[in-house]
Amino acid sequence: MQGASRELDQEIEDLQHFCALIKKRAGISMSSAKHDLVRTRLRSRLTAHGLKNYREYRRLLDGLDANDPEWQLFTNLLTTNKTDFFREPKHFDYLVHQILPAWLKTGQKTFKVWSAASSTGEEVFTLAMVLSRYLPAGRDFKILGTDIDTAVLKTAQNAVYPISKKSEIPPEYHNTCLDLGRDEARGWFRIKRQLKDKVVLKTHNLIEATTPGDNVFDLILCRNVLIYFNPEGINFVQKKLHRSVKPGGHLFIGHSESFQGLSHDWKSVGPSVFKKAG
Ligand SMILES: C[S@@+](CC[C@H](N)C(=O)[O-])C[C@H]1O[C@@H](n2cnc3c(N)ncnc32)[C@H](O)[C@@H]1O
């Protein structure tokens, strides 16, 4: 009995240790309420290494070089990647009715967007569908999609999705943006080549200091990732995004996220929509 209780205490300590590790690596805060999730998600690594318990996995991690591929697998397993095409659709209305008309008047040629936690690609391809539909001839766009999780970036790179996801996309986009699979690809659709070619996907950690550049983007989306960060993490990220967006450019965050309590230089211009002074 005592042995079992000691093992349980040890496992709780190990799960706490994994939570501290993912906080340090990705900024993701996981309380003890998330221990079951951590246990379930990391179980496959115990199996892969033939380990008996989480203490053995902890020891394995502690002995690794910082650039050992196991760290990436660990990180990939502890991220939450839920996303949809046209998620939080009011943002795309705001893009079409507020941002694009003003941008067109500036005479610039290429609208540049960064989706800063793009997961499996639904967000970047939604942007590509909307921009290709609403930008007039002679104007172009480029989209950078980044994520810390290399597995989701592979899915985004493939740009192939199960047909069940087609219903997330308004019908007016189906013919122009999607190729439906036939024969063995039946049950899947692919994002059309001309849209995919406008998207570049890269690994990027929001809580590291590097950025894709200063004053580069007309619009940044950083949606449904700040919810996993503590106020210090959110503050670090918002400053970094502020540097990356052009003067007069916009930022979309998730509808359940906010900068409340932080002192920042953004102007709030709509629900979960911010603007950098121009
Ligand atoms: C819930 S998904 C949101 C996807 C999309 N933005 C949306 O709103 O549908 C959150 C994504 O944030 C990514 N993520 C978590 N921590 C990150 C970090 N430190 N840097 C970059 N991406 C991160 C996860 O891998 C995951 O794919």
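Start at 1 and go down the list; that is how both ligands and their atoms are numbered. On a predicted model such as this, the values are computed, not experimentally measured, just so you know.
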Only heavy atoms of S119, strictly under 4.0 Å: list the atoms of ligand 1 that pass.
4 (C), 27 (O)

At under 4.0 Å between heavy atoms, which part of F86 makes contact with ligand 1: side chain, backbone, both or neither?
neither

Angle between ring planes, F125 versus Y161, binned at 30° and 60°: parallel, tilted or perpendicular?
perpendicular

With backbone taken as N, CA, C and O and side chain as the heavy atoms from C-beta onward, which portion of T79 lies under 4.0 Å from ligand 1: side chain, backbone, both, or neither?
side chain

Which atoms of ligand 1 sit under 4.0 Å from any heavy atom of D149?
25 (O)

Do Y228 and ligand 1 have an N or O pair less than 3.5 Å apart?
no

Aromatic ring pairing Y57/F18, orientation class (parallel under 30°, perpendicular over 60°, tilted between)
tilted

Closest to atom 14 (N) of ligand 1 among protein heavy atoms sits V225 CG2, 3.6 Å

Using distance alone, with no hydrogens and no angle criterion, decide if K82 and N224 have a side-chain donor and acceptor under 3.5 Å apart.
no

Indicate yes or no for a side-chain donor-acceptor contact from R41 to the backbone of T79 under 3.5 Å, with no hydrogens or angles considered.
yes

Counting from 1, what ligand 1 atoms have a heavy atom of H204 closer than 4.0 Å?
20 (N), 21 (C)

Purely on distance, is any nitrogen or oxygen of S118 under 3.5 Å from one on ligand 1?
no

Tell me whether N205 has any N or O atom under 3.5 angstrom from an N or O of ligand 1.
yes

Are any of the N/O atoms on A116, whether in the backbone or the side chain, positioned under 3.5 angstrom from an N/O atom of ligand 1?
no

Locate the shortest heavy-atom distance separating E56 from L51; write the atom from each residue and the value.
OE1-CA, 3.4 Å

Does the side chain of R223 pick up a donor-acceptor pair with the side chain of H255 at under 3.5 Å?
no

Measure the distance from atom 2 (S) of ligand 1 to every protein heavy atom, then report the residue, atom name and distance (to 0.1 Å) of the closest one.
T80 O, 3.4 Å

Is a side-chain donor-acceptor pair under 3.5 Å present for Q108 with T110?
no

As an exercise, identify every atom of ligand 1 less than 4.0 angstrom from a heavy atom of I28.
15 (C), 16 (N)

Give me the residue, atom name and distance of the protein heavy atom closest to atom 24 (C) of ligand 1.
D147 OD1, 3.4 Å

At less than 4.0 angstrom from any non-hydrogen atom of E123, what atoms of ligand 1 do you find?
5 (C), 6 (N), 7 (C), 8 (O)

Give the residue and atom name of whichever protein heavy atom lies nearest to atom 9 (O) of ligand 1, and the separation in Å to one decimal.
T83 OG1, 2.6 Å

Below 6.0 angstrom between ring centroids: does that apply to F274 and F259?
yes

For E88, which part has a heavy atom under 4.0 Å from ligand 1: side chain, backbone, both, or neither?
neither

Taking only non-hydrogen atoms of G27, do any sit less than 4.0 angstrom from ligand 1?
no

For K82, take its heavy atoms, then give the atoms of ligand 1 lying under 4.0 Å from any of them.
1 (C), 2 (S), 3 (C), 9 (O)

Nearest heavy-atom contact between S258 and I234 is O-CG2, 4.2 Å

Using the salt bridge (charged side-chain N to carboxylate O under 4.0 Å, His left out) definition, which of the options R193, K192, R190, K196 pairs with D179?
K192

Nearest protein heavy-atom contact for atom 3 (C) of ligand 1: which residue, which atom, what distance?
R223 O, 3.5 Å

Which heavy atom in L61 sits nearest to a heavy atom in E70, and how many Å separate them?
CD2-CG, 3.9 Å

Atom 7 (C) of ligand 1: closest protein heavy atom, distance to 0.1 Å, is R87 NH1, 3.2 Å

Salt bridge (charged side-chain N to carboxylate O under 4.0 Å, His left out) between E11 and R55: does it pass, once the steps are laid out?
CA-CA 7 Å; E11 189 172 290; R55 180 57 51 106; over 6 Å; no

Would you sort out whether F111 and W103 count as a ring-ring contact (aromatic ring centres under 6.0 Å, His included), showing the intermediate values?
CA-CA 8 Å; F111 189 78; W103 179 80; 5.2 Å; yes

Checking a contact table here: which protein heavy atom is nearest atom 17 (C) of ligand 1, and how many Å away?
I148 CG2, 3.5 Å

Among all protein non-hydrogen atoms, which one is nearest to atom 20 (N) of ligand 1, and what is the separation to 0.1 Å?
L206 N, 2.9 Å

